Engineer: 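Okay, here's the structure, questions in a sec.
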Amino acid sequence: IATNPRQQRAVNDFAMELNKNPSFVAFGSVHPDAPDALEELERIKDAGLKGVKLHPDFQQFAMNEERAFKIGEIVSEGKVPMLVHCGDFRYNYSNPEHLKPFLEKFPDLTVIGAHFAGWSMWEKATEELAGTSNLFVDCSSSLYALSPETAKDLIHAYGADRVLWATDFPMWESVSEMEMFNKIDLTEEERNLILYENAAKLLGLK
């Protein structure tokens, strides 16, 4: 994440170098207050990075304001997904009521809503956003706070074909996250979709 405007080029240089390793699929990042944010988005696309990540809480902009819309326009043109940190009862930048107008404004842009599209407000996010055609969600930084039954309900609300496995590493690590995931009563087909197939299709992986 480019947490300040001065940082974005160095962040993306690192992502571009990492992306040369076939074991990684890197996303870039921009800061909406950087004077060259749009040019940097073009550089991300030209370098072949698979997507763009934003963190409205850290970057202090709302998903339903003009700065977000300017970024959405060029990311949409690049036909790559946008991963967005979503939700936090302590802030008011990326909660469901902010994300929904963005999704409606850019119906051709695939958005991945981190943390089931609403950290700390998981069920509210599901009520407002489930069924949105251009929204995927990931399960990062969520399973620790949800019962297996609630996690299953969220997965089924969005659809298993719209959910991506994620850990939010290094905050959480894969072994304990997988242990929690395996407690969710899902079919083998649903597990395969979440753990690999959805991401492979979304990112064009072989």
Side-chain angles (χ1 to χ4, degrees), residues 1-21 23-76 78-96 98-99 102-103 106 109-122 125 135-145 164-174 177 199 202-203:
I1 292 296
T3 55
N4 65 67
R6 301 179 304 278
Q7 189 187 47
Q8 69 175 9
R9 189 172 184 90
V11 164
N12 291 322
D13 285 345
F14 176 78
M16 291 170 192
E17 189 64 28
L18 191 65
N19 205 48
K20 296 176 182 178
N21 186 323
S23 298
F24 292 92
V25 175
F27 278 26
S29 183
V30 295
H31 196 289
D33 290 334
D36 59 343
L38 299 184
E39 290 84 352
E40 190 66 10
L41 280 166
E42 291 286 1
R43 195 169 76 96
I44 287 170
K45 291 192 303 181
D46 292 344
L49 297 186
K50 290 290 189 177
V52 175
K53 183 174 181 182
L54 304 177
H55 198 306
D57 295 351
F58 287 171
Q59 297 173 314
Q60 297 190 324
F61 73 97
M63 287 302 297
N64 62 345
E65 67 172 90
E66 190 61 32
R67 288 183 296 169
F69 295 158
K70 286 182 179 179
I71 291 174
E73 287 172 3
I74 194 165
V75 177
S76 182
K79 302 186 184 303
V80 294
M82 175 187 287
L83 172 61
V84 182
H85 163 88
C86 294
D88 194 323
F89 68 90
R90 300 166 298 178
Y91 305 105
N92 200 28
Y93 297 111
S94 60
N95 295 341
H98 298 98
L99 182 60
F102 185 89
L103 294 169
F106 300 103
L109 171 59
T110 298
V111 175
I112 304 167
H115 325 310
F116 283 114
W119 182 83
S120 76
M121 48 186 66
W122 293 280
L135 177 67
F136 283 73
V137 299
D138 76 27
C139 62
S140 65
S141 286
S142 298
L143 300 182
Y144 75 94
L164 304 170
W165 165 254
T167 64
D168 220 353
F169 179 86
M171 183 175 294
W172 311 105
E173 50 85 29
S174 60
E177 289 294 296
L202 185 62
L203 300 176

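In this text the structure is predicted, and so the values were computed from the model without any measurement. Position 1 is the first residue of the sequence; numbering continues from there.
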Engineer: Strictly by modelled atom types, are D36 and Q8 linked by a side-chain donor-acceptor pair under 3.5 Å?
Structural biologist: yes
Engineer: For A114 and C86, which heavy atoms make the closest approach, and how far apart are they?
Structural biologist: O-CB, 3.7 Å
Engineer: Verify, without hydrogens or angle tests, whether K50 (side chain) and V25 (backbone) share a donor-acceptor contact under 3.5 angstrom.
Structural biologist: no
Engineer: Looking only at atom types and distance, does a side-chain atom of S120 sit under 3.5 Å from a main-chain N or O of F89, one as donor and one as acceptor?
Structural biologist: yes
Engineer: Can you see whether S142 engages W122 through a side-chain donor-acceptor pair at a distance of less than 3.5 angstrom?
Structural biologist: yes
Engineer: For P32, check side-chain contact (heavy atoms from CB on, under 4.5 Å) against everything at least two apart and list the hits.
Structural biologist: Q59, F61, R67, I71
Engineer: Using a 3.5 Å distance criterion without hydrogens, assess whether the side chain of N19 forms a donor-acceptor pair with backbone atoms of A26.
Structural biologist: yes
Engineer: Checking S29 side chain against L54 main chain: does a donor-acceptor pair fall under 3.5 Å?
Structural biologist: no
Engineer: Does F69 CZ have over 12 foreign heavy atoms under 6.0 Å away?
Structural biologist: yes
Engineer: Count the heavy atoms belonging to other residues, nucleotides or ligands that lie under 6.0 Å from OH of Y144, then report whether that count exceeds 12.
Structural biologist: yes
Engineer: Could you please spell out the steps behind the side chain to side chain contact (heavy atoms under 4.5 Å, CB included) verdict for D88 and H115?
Structural biologist: CA-CA 10 Å; D88 194 323; H115 325 310; over 6 Å; no
Engineer: Does any donor atom in the side chain of W172 or S141 lie under 3.5 Å from an acceptor atom in the other side chain?
Structural biologist: yes
Engineer: Looking at residues at least two apart in the chain, or sitting in another chain, which of them share a salt bridge (charged side-chain N to carboxylate O under 4.0 Å, His left out) with K20?
Structural biologist: E17
Engineer: If you define the side chain from C-beta out and look only at heavy atoms, does anything of K45 sit under 4.5 Å from L41?
Structural biologist: no
Engineer: Applying side-chain contact (heavy atoms from CB on, under 4.5 Å), can you list everything that pairs with V80, at least two apart in sequence or on another chain?
Structural biologist: V75
Engineer: Going by an N to O cut-off under 4.0 Å, is there a salt bridge joining E73 and K70?
Structural biologist: no
